[in-house]
Protein chains: 2
Amino acid sequence: MTGPVRVLIVDDDDLMRAGLRAVLSSDASIDVVGEAADGRVAVASARALRPDVVLMDVRMPHQDGIAATRELAGVAPAARVLMLTTFEDDDYVFGALSAGASGFLLKRTRPEQLIEAIHTVADGDSLLSPSVTRTVIDRIATASPPDPVVAGRLRALTARERDVLELVARGLSNAEIAGELFVEESTVKTHMKRILAKLGLRDRVQAVVAAYETGLVRPGAPGRE
Amino acid sequence: MTGPVRVLIVDDDDLMRAGLRAVLSSDASIDVVGEAADGRVAVASARALRPDVVLMDVRMPHQDGIAATRELAGVAPAARVLMLTTFEDDDYVFGALSAGASGFLLKRTRPEQLIEAIHTVADGDSLLSPSVTRTVIDRIATASPPDPVVAGRLRALTARERDVLELVARGLSNAEIAGELFVEESTVKTHMKRILAKLGLRDRVQAVVAAYETGLVRPGAPGRE
DNA sequence: CCGCGCGTACCCCTGAAGGGGGATGCCGGA
DNA sequence: TCCGGCATCCCCCTTCAGGGGTACGCGCGG
């Protein structure tokens with residue numbers, strides 16, 4: 001908000017850095033405070049220069065952009081990372097986003113859009129190139145649609161049965177679940193019997209799989225810890 | 001490419017429809033071919049009008065935008081859906097994207113951006129409002145980072161042990177795994193013992209949880225079916 | 001007012017899973 | 001060359017999970 005956005009350019013290609021600097025210099029509200037040619041230097045520079053936004057190339061010698069981004073989270077948490085890449089590679093996209101990047105742009109993005117993007121991430125929002133957005137959406141659309149067959153039967157479970165299933169899906173034994181829910185183990189066993197019957201499953205292991213596949217529980221979801 | 005983009009406006013609010021029509025009419029490359037006030041009418045209209053892009057409100061009487069979008073996939077697969085909503089609700093976002101929407105915009109989007117968005121989705125790309133992008137990225141970032149603690153130990157497993165673990169995580173019994181791998185069940189049991197020991201887990205149920213949490217297996221991943 | 005779904009609880013019995021050993025053959029590095 | 005890791009196989013024994021069945025109180029709707 002106050003003053004121009006401080007940007008650090010990280011790319012191993014001299015020409016690309018020069019080009020980016022030229023483009024960004026044309027905007028008065030952007031201040032290019034530094035450049036780095038690889039991930040290691042980038043982290044050091046970010047620590048010293050405290051940029052608002054780091055324009056980070058993915059593919060670089062010594063330390064790639066993903067690893068550098070991950071490190072930045074600890075070193076300069078205020079810096080928002082905008083990944084730049086020539087080709088969109090799924091692994092890169094998800095790797096970068098998991099590492100904490102705020103955006104992912106292709107290098108074929110038009111200059112005005114790049115400038116707008118920098119302001120967007122500086123404001124705390126995120127953005128992706130349209131084609132990248134497509135791959136991300138596809139992942140959500142294809143990876144999450146809970147198997148309707150099993151998901152449907154999931155609704156056949158009573159609230160209590162779902163409680164039990166959630167605990168099962170966290171690796172608890174019947175006895176532990178009983179303790180967690182303040183009921184007898186025999187009660188839990190009864191619930192388990194009904195769960196397996198309703199879902200058409202054989203044992204608690206398959207119940208756990210069903211819980212994950214239907215989205216009842218989600219990897220990385222809090223749960224408790 | 002050829003001619004203007006044919007747009008169908010779907011919103012239960014008369015004023016909103018009028019506003020959208022006014023905004024879109026200002027662009028020569030956009031042709032508003034129809035309007036609908038609820039999901040049911042929207043599906044019927046789309047069938048008849050064959051729009052390139054459907055601007056779809058989420059919250060509507062009779063049939064909401066999510067359900068309508070899902071139906072559109074079967075009725076007018078060529079139509080790309082751009083969801084519009086006042087507030088961003090996580091369930092809406094993921095519901096809409098799973099239903100096949102190409103984009104998700106907040107109604108506070110500026111007119112020029114809306115117009116650009118329509119062209120973007122018409123071109124087959126996707127896009128999300130910056131703040132929506134943020135929630136989507138957060139989901140990816142928080143949902144996928146495999147627990148490093150357990151993930152580290154995962155690498156302690158031998159290739160064979162990982163094979164076994166993957167099958168365990170699909171709900172197979174030791175005997176079934178033995179059949180799948182063409183070895184004796186006793187061998188599988190030995191592998192299981194080592195897996196549990198190396199990962200510091202108690203039983204196969206926890207092993208399944210670990211497999212999902214570390215990303216060894218992923219919900220919705222093929223596996224077999 | 002009665003039935004039914006739900007949550008609670010118990011019994012008996014079988015089979016699978018897991019812990020504790022021990023053993024073999026193969027292969028690659030010290 | 002010999003040792004160690006890996007995959008394979010075996011036995012014994014204990015525990016827990018699941019399948020079968022039964023039961024009882026509560027609340028809600030017919």
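What's counted below: heavy atoms across the whole structure, side chains too, no hydrogens, waters or symmetry copies. A note on names: the letters A, B, ... follow the listed sequences, proteins ahead of strands, and every chain is numbered from 1. Note that the coordinates shown come from a computational prediction; the quantities given were computed from them, not determined experimentally.
As rounded to whole Å, 13 Å separates atom C1' of C:dA17 from atom CD1 of B:Ile195. Atom CD1 of B:Ile177 is separated from atom C1' of C:dG18 by 14 Å (rounded to the nearest Å). Spacing between atom CG of A:Leu199 and atom P of D:dG19 amounts to 12 Å, rounded to whole angstrom units. We find that CD of B:Glu176 is positioned 11 Å from P of C:dA16, with the value rounded to whole Å. Distance, A:Leu181 CG to C:dC6 P: 17 Å, rounded to whole Å. We find that CG of A:Leu172 is positioned 15 Å from C1' of D:dC16, with the value rounded to whole Å. When rounded to the nearest whole Å, the span between CG of B:Asp203 and C1' of D:dT14 equals 15 Å. Distance, B:Phe182 CZ to D:dC9 P: 13 Å, rounded to whole Å.
With values rounded to the nearest 0.5 angstrom, B:Asp12 atom CG is found 5.5 Å from B:Asp57 atom CG. Atoms CD1 and CZ, on B:Ile66 and B:Arg59 in that order, are 10.5 Å from each other to the nearest 0.5 Å. Atom CD in B:Glu180 sits 6.0 Å away from atom CG in B:Leu172 (nearest 0.5 Å).
At least one side-chain heavy atom of A:Lys198 sits less than 4.5 Å from a side-chain heavy atom of A:Thr158. Annotation: side chain of A:Thr86 is not in contact with side chain of A:Leu106 (no heavy-atom distance under 4.5 Å).
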Could you please spell out the steps behind the salt bridge (Lys or Arg N to Asp or Glu O under 4.0 Å) verdict for B:Asp11 and B:Lys107? CA-CA 12 Å; B:Asp11 197 307; B:Lys107 284 183 177 170; 3.1 Å; yes
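Applying a 4.0 Å cut-off to non-hydrogen atoms, the residues of residues 184-194 of chain B that approach DNA chain D are B:Glu184, B:Ser186, B:Thr187, B:Thr190, B:His191, B:Arg194, listed by residue number.
For B:Thr133 against A:Leu128, the heavy-atom pair with the smallest separation is CG2-CG, 3.8 Å.
Of the side-chain N and O atoms in A:Arg204, none sit less than 4.0 angstrom from OP1 or OP2 of D:dC16. Contact check, B:Arg202 against C:dG18: no side-chain N or O comes under 4.0 Å of OP1 or OP2.
Considering only side-chain atoms of A:Asn174, the nucleotide from D:dA7, D:dA17, C:dA9 that sits closest is D:dA17.
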